[in-house]
Amino acid sequence: MSERPPFAFDPGVQLERTALAWERTGMAVAAAGLLFVAHVPRHLMAVLVPLGAGFVIYGIGLLAWSARHYEDLHGRLPEGASVVHVGSVRVVGMATAVFAASALVLAVLSL
């Protein structure tokens, strides 16, 4: 890992705000996965518990990725290089859509 600079090279602290947003997303995904697992009906446990557990693991992985990615950006951002990870945003968006659909199915089946 690289050393963090002693000053903020970005006056708006965009890098830190972005890193915090990724961390909040990872924590929210993991917490939602735990809640999902906690509310699965007994007759659907074999199908839906692995899905919820997968989201918990995904959220923890996203937290780890955001920490690593933050360190990587400190080298590229001052140089003016692009720091956008379009693929990461797509993966998070798709995972959110799958999780929302799964939660909707769970809510309907729990009625």
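Only a predicted model underlies this, so the values are computations on that prediction, with no experimental measurement involved.
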Any chain of hydrophobic side-chain contacts (each under 4.5 Å) joining V49 to V29?
yes
Which ILVMFWY residues can you reach from V56 by hopping between side chains whose heavy atoms are under 4.5 Å apart?
L34, I60
Sorted by chain and residue number, the side chain to side chain contact (heavy atoms under 4.5 Å, CB included) partners of V91 (sequence neighbours excluded) come out as Y58
For F36, all residues meeting ring pair (Phe, Tyr, Trp, His ring centres under 6.0 Å), sequence neighbours excluded:
F99
Do you know the tightest heavy-atom contact between P50 and M45?
CD-O, 3.6 Å
Say you draw a straight line from NE2 of H43 to CG of L48; how long is it, rounded to the nearest 0.5 Å?
9.0 Å
What pairs with V105 under side chain to side chain contact (heavy atoms under 4.5 Å, CB included), at least two apart in sequence or on another chain?
L109
Under the 4.5 Å side-chain heavy-atom rule for ILVMFWY, direct or indirect, which residues accompany M27?
L63
Sequence-distant partners of I57, side chain to side chain contact (heavy atoms under 4.5 Å, CB included), two or more places apart
none
Are F55 and V37 close enough that some pair of their side-chain heavy atoms sits under 4.5 Å apart?
no
